[in-house]
There are 2 protein chains.
Amino acid sequence: MNEASGSRPGGRSARVRASVHRAVEDLVAEGVRIEDLTIPVIAARAGVHATTVYRRWGSVAELLASVAEHRFTGDVVVPDTGSLGADLERWATDVARDLADPDTLALMRASIGAGETASCACTADRRTQIAAVLERETARGGDVPAVDAVVDGLLAPLYYSALFVPAHDDGPAPGDRVRALVGKLLGGDVLSAQALTP
Amino acid sequence: MNEASGSRPGGRSARVRASVHRAVEDLVAEGVRIEDLTIPVIAARAGVHATTVYRRWGSVAELLASVAEHRFTGDVVVPDTGSLGADLERWATDVARDLADPDTLALMRASIGAGETASCACTADRRTQIAAVLERETARGGDVPAVDAVVDGLLAPLYYSALFVPAHDDGPAPGDRVRALVGKLLGGDVLSAQALTP
DNA sequence: CGCCTGCGGCAAAGATCGCTGCGTTAGTAT
DNA sequence: ATACTAACGCAGCGATCTTTGCCGCAGGCG
């Protein structure tokens, strides 16, 4: 969002931030456990002095929140296929593909383990993406379910599967699963979906 | 599951294990942050020497996984109210109440952060509980949705909310939310729900 | 009843972490 | 171009964690 935030967004600060973020992603991707993911380790990998990391982020939890926020925002382009169903299907497919990446999943696990702030950073942008899709359909003149209904019907199952279902493939192929979820979400009359979360 | 595992399950070992587990639950319940939840602290609270904890569990992550495993299995009695809707509603309410507990949530966060194995341990028992509820309804002669459909429609939204929605109260009251989810799950014709996850 | 072994208690050493004061570098403004 | 200052590097300190070797107790077994 505001990569250039701070009172001095000049080259070096941005470089350091990028370097540290990259280091965190790499270390998590390499399977370093949360308790071993310490600031000196991160700083060493980033080629930055540990003091800098302590001063800028303070703790591993905040750093993970920062990384998660940047990792999980703005990387999905909201599609515009012309129909709500197709838009949702495409968007959910992108989300599912993202969650299928082991590195992404590892980062999310770490963020969830780091606390509520970092955890919420993983999904904050998803809601705005959903809202954008729904708003587009509204502009077309169609009825849309509530954002929370889409979260319950699409996002929650995808995240749940990613986190709690063992890696071995279960049931439907990824594409079929998304299709089925969207169909179920939109199949029920839209009114009840709207009334679900007042 | 096997509380008395190990080559010498005699009184003292079991006592120590129970004491340490209890200490972890208490500390987490008191709001001690994960990063402050260190082995010496746990050992002191449990009235056990830190060396013992290091030797038996090795790390905080493994200890938390162990606690979570015992915490998330077998503590929910599957209800039998006479109708599928009421059974599911009651069961889901129990689950939601459990997830609303800060200690339980903290334990789950830690387990998720610990990796896939510990993570799956949090929900493994839920599936069997759902299966039991559905089987009971089948014995009554009613049509039931697939277990995966119930997971998607009930369990996933509840877990998602617990993990990714900030603590501040959102939308509906806990009871209403569960009721709405169950209604939506059973409201759509059961056939489509069954076809969702073949 | 007495031996035996696994397991916990204990203390000390070693390692690591997180923090603080100060000098230096590199953006930024005039 | 020069001065200013925010941000980084550096070194060292104190505290805490983690490990290790040894001893003693208690629970199982003949």
Side-chain angles (χ1 to χ4, degrees), chain A residues 2-24 26-28 30-67 70 110 113-115 117-118, chain B residues 2-24 26-28 30-67 70 106 110 113-114:
Chain A
N2 47 1
E3 174 65 36
S5 72
S7 56
R8 196 170 218 176
R12 190 161 69 159
S13 293
R15 206 156 44 232
V16 166
R17 186 182 320 197
S19 182
V20 171
H21 277 204
R22 177 63 174 275
V24 170
D26 288 353
L27 287 171
V28 169
E30 288 173 13
V32 176
R33 296 187 309 180
I34 289 285
E35 56 185 76
D36 298 329
L37 192 71
T38 177
I39 288 189
V41 172
I42 296 169
R45 167 60 77 94
V48 171
H49 209 82
T51 310
T52 302
V53 180
Y54 280 116
R55 276 199 267 257
R56 279 179 73 98
W57 288 277
S59 71
V60 178
E62 294 180 56
L63 176 53
L64 271 174
S66 170
V67 173
H70 287 281
T117 305
Chain B
N2 45 3
E3 174 66 35
S5 72
S7 57
R8 195 170 217 174
R12 188 159 71 159
S13 293
R15 206 155 45 233
V16 166
R17 187 182 318 196
S19 182
V20 171
H21 277 203
R22 178 63 174 273
V24 170
D26 288 354
L27 287 172
V28 171
E30 288 172 13
V32 176
R33 296 187 309 178
I34 289 293
E35 58 187 69
D36 298 328
L37 192 72
T38 178
I39 288 188
V41 172
I42 296 170
R45 167 59 77 92
V48 170
H49 260 262
T51 311
T52 301
V53 181
Y54 280 115
R55 276 201 269 253
R56 279 181 71 96
W57 287 278
S59 72
V60 179
E62 292 179 54
L63 175 54
L64 280 173
S66 168
V67 172
H70 290 277

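Residue numbers start from 1 in every chain, and the chains themselves are labelled A, B, ... in the order their sequence lines are given, proteins ahead of strands. In this text the structure is predicted, and so the values were computed from the model without any measurement. These values consider heavy atoms only, across backbone and side chains, with no hydrogens, waters or symmetry-generated copies.
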| query | Side-chain N or O of A:Arg15 less than 4.0 angstrom from OP1 or OP2 on C:dG27? | reply |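 Yes, within the criterion.
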| said: Below the 4.0 Å mark, does C:dG8 have OP1 or OP2 next to a side-chain nitrogen or oxygen of B:His49? | reply: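 So the side-chain polar atoms of B:His49 never come under 4.0 Å of the phosphate oxygens OP1 or OP2 of C:dG8.
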Counting only pairs under 3.5 Å, give me each side-chain donor-acceptor contact of residues 33-49 of chain B, with atom names and distances, residues two or more places apart or in other chains.
residue, atom, partner, partner atom, Å
B:Arg33, NH2, B:Glu35, OE2, 3.3
B:Arg45, NH1, B:Glu30, OE2, 3.2
B:Arg45, NH2, B:Glu30, OE1, 3.1
B:Arg45, NH2, B:Glu30, OE2, 2.8

Just how far, in rounded Å, is [atom2] of [N] from [atom1] of [X]?
X: B:Trp57; N: C:dC7; atom1: CH2; atom2: C1'; value: 12 Å
X: B:Glu35; N: C:dG18; atom1: CD; atom2: P; value: 9 Å
X: A:Arg12; N: C:dT28; atom1: CZ; atom2: P; value: 11 Å

| request: Measure the spacing between NE2 of A:His21 and CG of A:Leu64 and express it to the nearest 0.5 Å. | output: 9.5 Å
| field | Protein proximity profile, nucleotides 15-23 of chain D - base contact B, sugar-phosphate-only contact S, no contact -, cut-off 4.0 Å on heavy atoms | value | --SBBBB--
| message | Roughly what angle, to 10°, lies between the helix axis at the start of the helix from C:dC1-D:dG30 to C:dT30-D:dA1 and the one at its end, five pairs per end? | response |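 That helix gives 40° between its end axes.
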